[in-house]
Amino acid sequence: MLMPFCHASAWAAPLRPKSFGNRCQKLVFYSRGPRYEVASARSQIVLSDLPCRSSRLHLSPKADVKNLISYVVTKTRAINGTYHRFLGRHFPRFYALYTVFMKGIQMLWADGKKARRIKANMWKHNVKFHQLSYREMEHLRQFRRDITKCLFVGIISIPPFANYLVFLLMYLFPRQLLVKHFWTPKQQIDFLDIYHSLRKQSHSEIITHLERASALVSDERLRWHLTDLCTKVQNGVHPTAHDILALRECFSTRPLGFSQLQATHMRALSRAMLLNPHLPPAVLRWRLKSHTTVIQQLDRALAQLGIGQLTAQEVKSVSDLAGRMVADFLQPKRN
């Protein structure tokens, strides 16, 4: 045992006060018996000299937390700014990609929060997708496509060390693997040209399938109208809305109904709508039907909103569905 506990007489006298820090609490213990029970019933605790702090440090816990958070945020911004200047000075090309990537994450996160609010309002007010406004409907449609592509990239990154290969593939094939938020301004223009050329290449194939299907139309009047329409398009004449609506019955029954379309015809239509054509025929038919249904719902919502209410960015987004020619047609009307 320690020496202070060897003699009971050492505890007979009261303990000397101990001072904890500069002008802090002083605890004085008095024990009147020879026992080693400091915290007994006969012990007394005398508190004197209440703690006295300087006015500068006398803050509430909430103020201390706020000051700490403010200090951390300030330091983080300073370090982040220094890091950005270092990258921009020594690695300019990497810094450009890094900036686009960070902005893309912020925009994708903002789109996710907006889509969540729209879905919450739909559940709260029992609103269906086709009952939404044009802007809400278009936002949900585009966010679904973006998040589907992001999930695909995330799934192929799951195997060990596959993320390094995925980063390389995203750098080499940004149009196929990345959403538009992660494209540079130059890539957005170039990729729009590529999509427009893909649509143009599929148009001639679609007209060829329509000509072949016209021979199978039982109604002679509809067969003549369909053949005449294909001839006009091949000669560079743009058909009117009346010419197209006159053939509505042809696309509801055999041979041009969704359930009777051939696989090659559906692949050509998928390329024209920027959908994946390398899928089984049943999946292609389902995707085409759902995609055209969404386009019809968007057209009705746009008719209620009015073309003149579209912004420049919204006119550009129309090209994702209907092509650049429609976007160029809507631009003067908006102005």
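Counting from 1, the numbers follow the sequence of the chain as shown.
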Under the criterion side chain to side chain contact (heavy atoms under 4.5 Å, CB included), I'd like the reasoning laid out for Gln187 against Arg175: C-alpha separation, chi angles, the key distance, then a yes or no. CA-CA 8 Å; Gln187 286 177 339; Arg175 182 175 63 86; over 6 Å; no
Of all heavy-atom pairs linking Met273 and Leu288, the shortest is SD-CD2, 3.9 Å
Can you tell whether the side chains of Glu138 and Arg141 come within less than 4.0 Å, N to carboxylate O? yes
Correct closest heavy-atom pair for Cys250 and Leu222 would be SG-CB, 3.6 Å
Checklist entry - Does any non-hydrogen side-chain atom of Phe129 lie less than 4.5 Å from one of Met137? => result yes
Margin query: Please determine whether side chain to side chain contact (heavy atoms under 4.5 Å, CB included) holds for the pair Val294 and Leu298, giving the CA-CA distance in whole Å, both sets of side-chain angles, and the decisive distance to 0.1 Å.
Written below: CA-CA 6 Å; Val294 172; Leu298 284 170; 4.1 Å; yes
Taken to the nearest 0.5 Å, the spacing of Leu169 CG from Leu178 CG works out to 10.5 Å
| Is the number of heavy atoms from other residues, nucleotides or ligands within 6.0 Å of NE2 (His242) greater than 12? | no
**Report entry** Phe167 atom CZ: more than 12 heavy-atom contacts under 6.0 Å
**Finding:** no
d(Arg271 CZ, Ile206 CD1) to nearest 0.5 Å is 8.5 Å
The remaining residues in the hydrophobic cluster of Tyr164, counting side-chain heavy-atom contacts under 4.5 Å among Ile, Leu, Val, Met, Phe, Trp and Tyr, are Phe161
Exercise. More than 12 foreign heavy atoms under 6.0 Å from CZ of Arg254: is that the case here?
Worked result: no
Sorted by chain and residue number, the side chain to side chain donor-acceptor pair (under 3.5 Å) partners of Arg85 (sequence neighbours excluded) come out as Thr82
- Query: Does Arg267 come within less than 4.0 Å of Glu205, counting only side-chain N to carboxylate O?
  - Reply: no
Going by heavy atoms in the side chains, are Gln297 and Arg300 under 4.5 Å from each other?
-> no
Practice task
Please check if Leu198 and Phe173 belong to a single hydrophobic cluster, counting links between Ile, Leu, Val, Met, Phe, Trp and Tyr side chain heavy atoms closer than 4.5 Å.
Solution key: yes
* Taking C-beta and beyond as the side chain, do Ile207 and Leu210 meet within less than 4.5 Å on heavy atoms? -> yes
Practice item. Show your working on side chain to side chain contact (heavy atoms under 4.5 Å, CB included) between Gln296 and Thr292 and close with a plain yes or no. Key: CA-CA 6 Å; Gln296 185 182 23; Thr292 52; over 6 Å; no
**Prompt:** Transitively linked via ILVMFWY side-chain contacts under 4.5 Å: Val153 with Leu172?
**Reply:** yes
Shortest non-hydrogen pair, Arg145 vs Leu274, comes out as NH2-O, 3.5 Å
With a 4.5 Å cut-off on side-chain heavy atoms, are Lys149 and Leu177 touching? no
How about Lys200 and His196: do any of their side-chain heavy atoms sit closer than 4.5 Å? yes
Query raised in the report: Do Ile158 and Ile156 belong to the same hydrophobic cluster, where Ile, Leu, Val, Met, Phe, Trp and Tyr are linked whenever their side-chain heavy atoms lie under 4.5 Å apart, directly or via other members?
Result: no
Q) Just wondering, are more than 12 heavy atoms of other shown residues or ligands nearer than 6.0 Å to CZ in Phe152? A) no
Handout entry: Joint hydrophobic cluster, Phe94 plus Tyr171, side-chain heavy atoms closer than 4.5 Å
Key = yes
*asked:* With a 4.5 Å cut-off on side-chain heavy atoms, are Ser133 and Leu305 touching?
replied: no
d(Leu284 CG, Ser270 OG) to nearest 0.5 Å is 4.5 Å
With sequence neighbours left out, the residues meeting side-chain contact (heavy atoms from CB on, under 4.5 Å) with Lys232 are Asp228, Val237, Asp243
Taken in chain and number order and not counting sequence neighbours, the residues that satisfy side chain to side chain donor-acceptor pair (under 3.5 Å) with Gln106 are none
*asked:* Are the side chains of Leu269 and Leu261 in contact, using a 4.5 Å heavy-atom criterion?
replied: yes
So do the side chains of Asp190 and Lys186 get within less than 4.5 Å of each other, counting heavy atoms only? yes
| request: Classify the ring geometry between Trp183 and Tyr195 as parallel (under 30°), tilted (30 to 60°) or perpendicular (over 60°). | output: tilted
Quick check: is Ile194 connected to Phe182 through a chain of hydrophobic side chains (ILVMFWY, heavy atoms under 4.5 Å apart)?
yes
**Request:** Taking atom types as modelled, find out whether Glu211 and Gln234 have a side-chain donor-acceptor pair closer than 3.5 angstrom.
**Result:** yes
Taking every heavy atom of Phe86 against every heavy atom of Phe91, the minimum-distance pair comes out as CE2-CE1, 4.0 Å
Only residue of Asp111, Ile118, Thr148, Val179 satisfying side chain to side chain contact (heavy atoms under 4.5 Å, CB included) with Phe143 is Asp111
So CG of Leu97 and OG1 of Thr184: to nearest 0.5 Å the spacing works out to 8.0 Å
Requested in this report: May I ask you to decide if Ala272's main-chain N or O and Arg199's side chain share a donor-acceptor pair within less than 3.5 Å?
Outcome: yes
- [ ] Would you sort out whether Leu256 and His265 count as a side chain to side chain contact (heavy atoms under 4.5 Å, CB included), showing the intermediate values?
- [x] CA-CA 10 Å; Leu256 296 176; His265 193 174; 4.0 Å; yes
Inset, instruction - Go through the steps for Arg223 and Asp219 under the test salt bridge (Lys or Arg N to Asp or Glu O under 4.0 Å), then give the verdict. - result: CA-CA 6 Å; Arg223 183 170 62 251; Asp219 192 325; over 6 Å; no
CZ/Arg116: more than 12 non-hydrogen atoms of other groups inside 6.0 Å = no
Sorted by chain and number, sequence neighbours left out, ring pair (Phe, Tyr, Trp, His ring centres under 6.0 Å) with His225 holds for none
By side chain to side chain donor-acceptor pair (under 3.5 Å), Asn121 pairs with (sequence neighbours left out) none
Interatomic distance, CZ@Phe258 vs CE@Met266, rounded to 0.5 Å, equals 9.5 Å
Within 6.0 angstrom of Gln188 CD, more than 12 heavy atoms from elsewhere:
yes
In this structure, CH2 of Trp224 is separated from OG1 of Thr227 (nearest 0.5 Å) by 9.5 Å
